[in-house]
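Here is how names work: the chains are called A, B, and so on, in the same order as the sequence lines, proteins then strands, and each is numbered from 1.
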Amino acid sequence: MAIQRPKGTQDLLPGTIETWQYLEETMRNVCREYGYEEIRTPIFEATELFLRGVGQTTDIVKKEMYTFLDKGDRSMTLRPEMTASVCRAYVEDKLYGQPQPVKLYYIGPMFRYERPQSGRFRQFHQFGVEVLGGDQAVVDAEVISLVWNLYQRLGLTGLEVHVNSVGCPVCRTKHRALLQEFLSARRDDLCKDCLDRFERNPLRILDCKNPTCQAVTSGAPTTRDTLCEDCSTHFERVLALLEVAGVLFRVNPRLVRGLDYYTKTAFEVMVEEIGAQSSICGGGRYDGLVEEIGGPPTPGFGFAMGLERVLLALQVQHKLPEQKPGMFAMLVALGEKAQTQGFALLNDLRTQGLPVSMDLLGRSLKAQLKSADRQGARYALILGEEEMEKKVLLIKDLTLGEQIEVPLMNVVEELNKMYQRGVKV
RNA sequence: GUGGGUGUGGCGAAGUGGUUAACGCACCGGUUUGUGGUACCGGCAUUCGUGGGUUCGAGACCCAUCAUCCACCCCA
């Protein structure tokens with residue numbers, strides 16, 4: 001059996017990689033317009049970072065991490081997400097000494113040991129943004145509007161932006177107690193999963209898909225009801241700013257984020273039509289995280305977006321641009337002398353930035369033309385015995401079928417002109 | 001970790017126990033000598049995922065195993 005790639009990973013080949021480049025470029029452009037700068041951190045980190053950062057009770061930590069011992073017996077983990085790493089860098093590289101807030105973005109691979117399914121991989125890719133050192137509601141609103149505007153630019157439709165506030169640790173524990181009290185009366189009606197969640201994370205019961213659970217929780221106290229003064233005004237301010245920014249959102253009091261570190265604002269963007277894993281972006285505020293991993297008390301806000309899922313959505317909505325790179329010209333050289341001369345010519349053309357290539361298999365004239373056509377070249381540059389003698393080159397337009405004879409001396413200049421003209425059109 | 005579907009040449013896809021395993025697309029070559037995109041011919045020389053078993057005989061039936069897809073849990 002030949003060696004295969006690991007389960008849940010993928011080879012991105014020419015033909016699809018262009019769509020990735022397009023998506024990444026669009027994201028970088030939006031970030032630049034919003035004043036966010038890129039950060040790159042290691043793909044693996046000390047396991048401890050994620051234990052503290054992501055939270056011991058989360059599934060990510062409990063069963064999804066790629067953890068290994070290095071040769072010095074240190075426990076290392078392939079990053080399952082980026083927020084913890086960015087916070088670590090903020091502390092370690094003393095970014096708190098720079099003008100605040102620090103506005104960062106990243107694009108890169110993440111790793112989680114899960115069963116693959118539609119829109120889910122073991123090595124997947126996320127684009128994300130983190131703002132550190134800003135506790136104002138504008139921060140939340142700016143980041144969410146960045147997400148919204150990115151999707152607008154990509155042309156995605158049918159998005160649902162859900163926004164909620166899970167409160168600070170104080171109102172959160174208050175809500176948790178109220179909720180457990182409310183649910184305990186009808187505990188017997190809950191599904192098996194929810195019984196688990198009752199102790200571990202009762203908030204999650206609120207968005208259980210099971211109909212009976214939904215019935216049970218229909219009148220449950222919402223997070224919004226129990227928000228303290230500070231959290232409440234913060235939340236109202238975020239909503240007001242989102243209105244101003246033209247973000248179409250919905251307050252969803254049942255929205256819960258899975259990771260332990262979230263406080264106050266939480267949001268999520270979903271699209272139908274890409275399968276069961278319909279969440280394409282999730283994020284929120286995490287005011288305790290930096291301190292948790294040993295830094296100064298620092299408020300934070302951010303999100304992560306799954307590239308595979310966004311790409312899936314773009315694909316089903318037919319929003320991917322048609323890209324056909326195509327060579328400008330293919331050299332058709334016949335015989336070794338012509339190949340030598342042509343090789344030099346290509347060098348001149350490439351130096352000037354023209355995309356040109358040649359047959360590398362020593363094929364016949366016919367085969368070379370065929371191949372030039374198949375590769376979508378606009379022109380074929382034919383150089384054989386006759387042309388060598390006359391010191392000319394045949395430039396054949398493959399779409400029109402016409403060809404002209406150009407003195408070798410003028411060829412570079414001539415092609416350059418043709419290329420410039422073509423680029424403008 | 002749990003459940004279900006699928007697994008035939010690069011891709012798509014016939015074939016449901018019996019001679020030399022269709023077909024389409026793609027790719028490569030050729031159709032008298034230096035002109036492609038159409039047409040015609042040929043090639044891609046075989047482990048029908050893999051390993052067992054049933055049978056006179058299996059790509060088709062049974063078992064196991066691997067891979068893949070989808071769903072649950074959870075998340076991007």
Using purine N1 to pyrimidine N3 plus N6-O4 or O6-N4 for Watson-Crick, or N1-O2 and O6-N3 for G-U wobble, each under 3.5 Å, what pairs with [N]?
| N | result |
| --- | --- |
| B:rG1 | B:rC72 |
| B:rU6 | B:rA67 |
| B:rU38 | none |
| B:rG59 | none |
| B:rU33 | none |

Specify the separation, in whole Å, of atom [atom1] of [X] and atom [atom2] of [N].
| X | N | atom1 | atom2 | value |
| --- | --- | --- | --- | --- |
| A:Trp20 | B:rA76 | CH2 | P | 16 Å |
| A:Lys366 | B:rG34 | NZ | C1' | 10 Å |
| A:Glu114 | B:rG1 | CD | C1' | 12 Å |
| A:Leu381 | B:rU35 | CG | P | 18 Å |
| A:Glu308 | B:rA76 | CD | P | 13 Å |
| A:Lys396 | B:rU35 | NZ | P | 9 Å |
| A:Lys370 | B:rG36 | NZ | C1' | 8 Å |

Can a side-chain donor-acceptor contact be found between [Y] and [X] if the only test is distance below 3.5 angstrom?
| X | Y | result |
| --- | --- | --- |
| A:Gln123 | A:Thr9 | no |
| A:Gln180 | A:Ser184 | no |
| A:Asn416 | A:Gln420 | yes |
| A:Asn164 | A:Thr223 | yes |

When we call it a touch if two heavy atoms are under 4.0 Å apart, what does [X] touch: a base, just sugar-phosphate, or nothing?
| X | value |
| --- | --- |
| A:Leu307 | nothing |
| A:Lys63 | base |
| A:Ala276 | sugar-phosphate |
| A:Ala380 | nothing |
| A:Phe127 | nothing |
| A:Glu268 | nothing |
| A:Gly275 | sugar-phosphate |
| A:Asp373 | base |
| A:Arg112 | base |
| A:Glu385 | base |

Answer yes when A:Arg52 and A:Glu48 have at least one side-chain N-carboxylate O distance shorter than 4.0 Å, and no when they do not. yes
So, is [X] close to the [N] phosphate, meaning a side-chain N or O under 4.0 Å from OP1 or OP2?
| X | N | value |
| --- | --- | --- |
| A:Ser279 | B:rA76 | no |
| A:Gln117 | B:rA71 | yes |
| A:Arg115 | B:rU68 | no |

Tell whether [X] reaches the base of [N] with its side chain through a donor-acceptor pair below 3.5 angstrom.
| X | N | answer |
| --- | --- | --- |
| A:Arg120 | B:rC74 | yes |
| A:Gln403 | B:rG36 | no |
| A:Gln277 | B:rC74 | yes |

Say we look at B:rC27 and B:rU32: how far apart would their P atoms be, to the nearest angstrom? 22 Å
Between B:rA26 and B:rC62, how far apart are the C1' atoms? Round to whole Å, please. 38 Å
Over 60° means perpendicular and under 30° means parallel, so tell me whether A:Phe267 and A:Phe301 are parallel, tilted or perpendicular. parallel
Aromatic ring proximity, centroids under 6.0 angstrom, A:Phe328 and A:Tyr419: yes
Mapping A:Met305 and A:Glu386 onto RNA chain B by nearest heavy atom, which one lands closer to the 5' end? A:Glu386
Between A:Gly306 and A:Leu334, just flag the one whose closest nucleotide in RNA chain B comes earlier from the 5' side. A:Leu334
